[in-house]
**Q** 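Sharing a structure, written as structure tokens. Questions coming.
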There are 2 protein chains.
Amino acid sequence: MGTNDQNPRIEDVARAAGVSVATVSRALRGLDNVATSTREKVQAAADELGYRAHPAAAKLAAGSSHTIGVAVANIAGWYCAQVVGGVEAVLAESGYEVLVVGVAGAEARRRFIADIDRMHHRVDGLVLVDIRLEHDEVERLRESELRVVTIGNSYPGLSSVRPDDISAARLAVDHLLALGHRRIALIEGMRDDPMRTEVSWRRREGYTQSLTRYGIVVDPDLLEGGDFSVIGAQEATHRLLDLIEPPTAIFAISDEMAMGARGVAVERGLNVPEDLSIVGIDDHPLAQTVALTTVRQDPPASGATAARWIVEDLQNDQCVLSTQELETELVVRSTTGLAKR
Amino acid sequence: MGTNDQNPRIEDVARAAGVSVATVSRALRGLDNVATSTREKVQAAADELGYRAHPAAAKLAAGSSHTIGVAVANIAGWYCAQVVGGVEAVLAESGYEVLVVGVAGAEARRRFIADIDRMHHRVDGLVLVDIRLEHDEVERLRESELRVVTIGNSYPGLSSVRPDDISAARLAVDHLLALGHRRIALIEGMRDDPMRTEVSWRRREGYTQSLTRYGIVVDPDLLEGGDFSVIGAQEATHRLLDLIEPPTAIFAISDEMAMGARGVAVERGLNVPEDLSIVGIDDHPLAQTVALTTVRQDPPASGATAARWIVEDLQNDQCVLSTQELETELVVRSTTGLAKR
DNA sequence: CTGAAAGCGCTTACAG
DNA sequence: CTGAAAGCGCTTACAG
């Protein structure tokens with residue numbers, strides 16, 4: 001009612017501009033073999049009619065989906081949401097669509113990768129956020145014609161972007177060492193298998209490097225898995241504080257875990273940072289509300305970079321292999337202080 | 001390499017099953033005018049070949065996109081991410097696709113709604129998360145053939161789902177009143193115009209109702225806008241605590257704001273809850289780490305409900321108008337306590 | 001219950 | 001630089 005009920009088709013534009021549909025198609029997509037005067041005529045007609053190509057028709061005819069898939073381990077988590085935000089922003093201005101797929105857990109991931117060929121006409125590219133692949137899955141992705149870039153983890157033969165995790169961890173631990181701490185606990189990834197995610201083992205690597213430089217031997221008692229969750233970190237913290245010789249500082253590899261640790265310390269009557277220093281990684285928006293010292297990273301930037309690579313590859317019909325490590329930055333607030341004595 | 005490079009087409013399945021493509025199409029989509037034996041034969045052939053319909057072709061032919069759009073004000077925010085998670089979960093198992101569109105700010109929203117007709121062959125349904133529409137925009141959506149449901153706000157003629165905001169606010173304020181508080185501040189939505197979002201004015205309504213029942217007149221000095229952000233809430237809290245007669249309790253209409261308020265109180269040397277009680281709404285995962293008393297809501301449930309309605313409407317070729325208010329629940333932790341004196 | 005055929009609205013060689 | 005025509009892979013009346 002009011003406006004034309006039916007959307008205009010390419011044929012309507014062609015008629016209005018007095019050219020063929022082929023020319024309209026070329027002109028509107030900015031292909032280069034169109035006379036400038038023709039292009040302007042077509043553009044004017046299209047604007048006038050409010051024409052926009054029917055996406056399904058375009059996709060079918062061109063054999064390309066013009067959409068990028070984003071597979072995330074946990075859509076509702078802060079980190080993933082941030083990354084998706086970055087992807088979305090870039091893709092929106094490039095005219096690509098975003099298809100978000102939740103891939104929670106190993107089973108879902110296996111199915112998703114096994115079905116990757118089916119994705120082949122749904123998406124032209126794929127960004128995997130924080131998803132740990134098996135060897136054969138990497139192989140499978142490499143053989144597919146999809147442009148894929150992984151965020152958080154990296155694999156030979158696939159593009160990847162991630163924060164410089166080793167440096168990030170070293171920033172945190174060096175800060176604690178400089179304050180005089182020597183018993184520094186690490187709350188890392190999955191409790192049953194902390195090395196499962198690359199993020200986790202790279203951050204442990206940074207932790208180890210810093211301690212080693214100071215001539216400190218890593219004490220296995222001070223290594224705890226926090227499952228990247230508040231609850232996991234709380235349990236880990238209780239175990240650490242129950243040690244006969246408890247740590248004077250805790251480095252948690254995410255702010256959410258650091259905040260969980262801080263809460264437990266306070267609940268147990270400790271003063272932070274007088275009795276226990278705490279550092280995280282992320283600079284989560286809520287970190288500031290508890291004055292958490294942390295290492296800032298920029299997840300939207302990761303997403304944006306990944307998206308930009310894919311779009312470039314697609315537009316130039318290439319498939320370049322890129323890798324990037326994003327810088328991080330120590331943000332000192334009030335949960336870290338001088339070690340006692 | 002290895003697997004067939006080309007995905008099978010419907011024709012391949014038809015040949016393998018010894019039937020026509022029309023029959024394959026019907027059988028695979030579960031239409032009812034297919035003999036059971038035929039259906040099984042077709043299904044077997046499809047499974048064998050690993051066939052899956054090319055989505056763009058199906059969309060073009062059927063004239064339906066089989067995807068649902070989700071327009072969110074702030075993809076990276078906790079609340080929106082939660083809702084999108086709920087939508088995704090339902091849609092995934094219904095075989096629908098999700099198209100996430102970021103609509104940040106009035107300008108983006110206006111463009112999005114103006115272009116809604118273009119969405120018409122991209123999506124069959126639309127869920128709007130926390131997006132405040134103008135009158136003419138509501139009209140426009142109602143006239144479109146899209147199934148739309150709004151989350152957070154509600155409009156005549158459009159389906160909507162949201163927490164019972166009035167009750168949620170009353171739970172929070174009644175709790176404070178029961179503890180003896182009489183000067184209870186409210187940190188609500190946008191500072192320049194707190195009534196802009198429905199969430200905000202409904203929660204203010206609950207606040208007012210509770211106070212009024214107790215015979216307390218609302219003091220305009222105690223009404224502050226926190227912009228739904230940590231920083232906004234921090235600024236608001238400073239203003240409140242600078243009052244000649246400061247509040248003894250603060251009710252912030254989101255946990256992120258409540259956590260911002262708590263941080264400021266602590267920073268200013270106040271004890272929580274001895275000097276100042278604080279309540280939020282959400283039960284954000286991090287609320288627990290500061291022992292925040294709050295009113296729990298379930299954003300994924302909102303998203304799931306919205307998605308379910310749309311899918312049902314689509315499958316039954318109907319367009320029913322539904323409205324639902326979700327229950328909330330008071331979670332008492334340690335940021336609220338008896339009022340002094 | 002099933003099949004042959006038209007058509008969904010584009011893009012892309014192919015010719016000119 | 002432009003056009004006529006085939007074709008992308010499905011779905012859906014229509015007829016039987």
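Sequence lines set the chain letters: A, B, ... in the order given, protein chains first and strands last, and positions in each chain run from 1. Hydrogens, waters and symmetry mates play no part in the numbers below; they use all other heavy atoms, side chains included.
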**Q** When rounded to the nearest Å, what value does the distance between P atoms of dA5(C) and dC1(C) take?
**A** 24 Å

**Q** How many angstroms lie between atom CG of L314(B) and atom CZ of R147(B), to the nearest 0.5 angstrom?
**A** 5.5 Å

**Q** By the definition salt bridge (charged side-chain N to carboxylate O under 4.0 Å, His left out), identify the one residue from R109(A), R196(A), R140(A) that meets it with E134(A).
**A** R109(A)

**Q** What is the distance, to the nearest angstrom, from the CZ atom on R39(B) to the C1' atom on dC1(C)?
**A** 11 Å

**Q** If only side-chain N and O atoms count, and only distance matters, is there a donor-acceptor pair under 3.5 Å linking R122(A) with T67(A)?
**A** no

**Q** For dA4(C), which nucleotide in any strand shown is its Watson-Crick or wobble partner with both distances under 3.5 Å?
**A** none

**Q** Does the salt bridge (Lys or Arg N to Asp or Glu O under 4.0 Å) test come out yes or no for E11(B) and R15(B), once each step is laid out?
**A** CA-CA 6 Å; E11(B) 211 182 311; R15(B) 199 174 308 120; 3.3 Å; yes

**Q** Any side-chain N or O of S20(B) below 4.0 angstrom from OP1/OP2 of dT2(C)?
**A** no

**Q** Just by distance, no angles: are the side chains of S302(B) and T305(B) close enough, under 3.5 Å, to form a donor-acceptor pair?
**A** no

**Q** Determine the Euclidean distance between corresponding P atoms of dA6(D) and dT2(D); express it in Å to zero decimal places.
**A** 23 Å

**Q** By nearest atom, which of the nucleotides dG3(C), dT2(C), dC10(D) is closest to the V34(B) side chain?
**A** dT2(C)

**Q** Between T38(A) and dC1(D), is there a contact of a side-chain N or O with OP1 or OP2 at under 4.0 Å?
**A** no

**Q** Nearest to the side chain of A61(A), which nucleotide is it out of dT11(C), dG9(D), dA13(C)?
**A** dT11(C)

**Q** Counting just side-chain N and O atoms, does S25(A) come under 4.0 Å of either OP1 or OP2 of dT12(C)?
**A** no

**Q** Mind checking if A35(B) touches a base, just sugar-phosphate, or nothing, with heavy atoms under 4.0 Å?
**A** sugar-phosphate

**Q** From CG of N33(B) over to P of dA15(D), roughly how many Å is that when rounded to an integer?
**A** 17 Å

**Q** Starting from P on dC10(D), measure out to CZ on R122(A) and report it in whole angstrom.
**A** 12 Å

**Q** Between atom NE2 in H66(B) and atom C1' in dG9(D), what is the gap in whole Å?
**A** 17 Å

**Q** Rounded to whole angstrom units, what separation is found between the CZ atom of R26(B) and the P atom of dC1(C)?
**A** 11 Å

**Q** Ignoring backbone atoms, establish whether R29(B) has a side-chain N or O less than 4.0 Å from OP1 or OP2 of dT11(D).
**A** yes

**Q** Can you tell me the distance, in whole Å, between the CG atom of L60(A) and the C1' atom of dC8(D)?
**A** 4 Å

**Q** Would you classify A58(B) as touching base, sugar-phosphate or nothing, given that sugar-phosphate means primed atoms plus P, OP1 and OP2, and contacts are heavy atoms under 4.0 Å?
**A** sugar-phosphate

**Q** Check the distance between dG7(C)'s P and E11(A)'s CD and give it to me in whole angstrom.
**A** 12 Å

**Q** Checking base pairs now: Watson-Crick or wobble, both atom distances under 3.5 Å. What partners dA13(C)?
**A** none

**Q** Rounding to a whole Å, what distance do you find between K41(B):NZ and dC1(C):P?
**A** 14 Å

